[in-house]
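Have a look at the structure below before the remarks.
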Amino acid sequence: MNVSEAIRNKRAIRAFRDEPLSAAQVSAILDAGRRSQSSKNSQPWSFIAVQERQRLQAIAALGDNIGHVGGSALCVVIVVPQENERTLWHFFDTGQAAAYMQLAGQELGIGSCLGTVYDPDGLRELLGFPAEYQAQLLISFGFPAEQQPRRGLGAGGRRQFADVVHHETWGS
Ligand SMILES: Cc1cc2nc3c(=O)[nH]c(=O)nc-3n(C[C@H](O)[C@H](O)[C@H](O)COP(=O)(O)O)c2cc1C
C-alpha cells in the first residue's frame with residue numbers, strides 16, 4: 001500500500017474482530033508513533049499500550065464516544081505533560097503521533113479509531129500515570145469487523161477540494 005492510497009482509503013473503524021494483534025504488530029504501531037515529527041523535536045509523548053480485555057472495557061466505560069475501545073485489540077493512550085506554555089504544541093504533536101500510528105496500522109490491515117477523553121481523571125486513575133501528565137486522546141486498534149456501526153458524523157466523506165483549498169490568497 002502506498003502512502004496516497006493509505007490516506008485516501010483510511011476510514012474510522014469502530015468495530016473489531018475478536019482477534020489479537022501480534023507483538024510485532026503492536027510494536028510496529030507504537031514505533032511509528034515514536035518516530036513521528038514533533039515541535040522542536042520535543043517528543044513530548046508517552047504511549048500506554050493497553051491490551052487486557054478488562055482494562056479496555058473499563059476505558060470504554062469512561063464515555064459513550066469511546067465505546068469502540070471495549071472490543072479493540074489494543075488501545076494506545078497518548079500521555080503528554082499537564083498544561084504549560086507548550087500545551088498547544090503538545091496537542092498538535094499528539095495528533096501527529098496518532099496519525100502515524102494509524103497509518104502504520106493500516107499498512108498491516110489493522111483498523112483504528114481515535115477517541116476523545118472526556119474523563120481524564122478517571123483515565124489517570126485507571127492507568128496510573130502521574131498528576132504532572134494528562135491524556136486527552138486515545139486510539140483503538142484491531143482487525144476490522146465486517147459490519148461497522150453507522151457513522152456518527154454525517155455520512156462520512158470529505159469537503160470538496162475547491163471548498164477547502166485557496167491558492168495564493170483567501171479570496172481567490
Ligand atoms: C481529534 C479527534 C477526536 C476524535 N474523537 C472521536 C471519538 O471520541 N469517538 C469516535 O468514535 N471517533 C472520534 N474521532 C474520529 C472521527 O469521528 C473520524 O475521524 C471522522 O468522523 C472521519 O471518519 P472517516 O475517516 O471514517 O470518514 C475523532 C477524530 C479526531 C481527529
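Counting convention: from 1, in listed order, for ligands and their atoms alike. Atoms considered below: every heavy atom in the structure, side chains included; atoms not considered: hydrogens, waters and symmetry mates. Quick caveat: nothing in here was measured; it's all calculated off a predicted structure.
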Side-chain contact test, heavy atoms from C-beta onward, threshold under 4.5 Å: evaluate it for E132 versus P81 and give yes or no. no

Would you mind finding which of I13, V117, L114 brings a heavy atom closest to atom 2 (C) of ligand 1? L114

Ring geometry between W170 and H166 (parallel below 30°, tilted from 30 to 60°, perpendicular above 60°): parallel

Of all pairs that satisfy side chain to side chain donor-acceptor pair (under 3.5 Å), the ones with a partner from residues 59-72, not counting sequence neighbours: H68-S140

Near H68 (heavy-atom distance under 4.0 Å), the atoms of ligand 1 are 9 (N), 10 (C), 11 (O)

Considering distance alone, does some N or O of A12 sit under 3.5 Å from an N or O of ligand 1? yes

Taking all non-hydrogen atoms of both residues, which atom of S38 and which atom of D93 are closest, and how far apart? CA-OD1, 3.4 Å

Find all atoms of ligand 1 within a distance of less than 4.0 Å from any non-hydrogen atom belonging to C113, and give their numbers and elements. 10 (C), 11 (O), 12 (N)

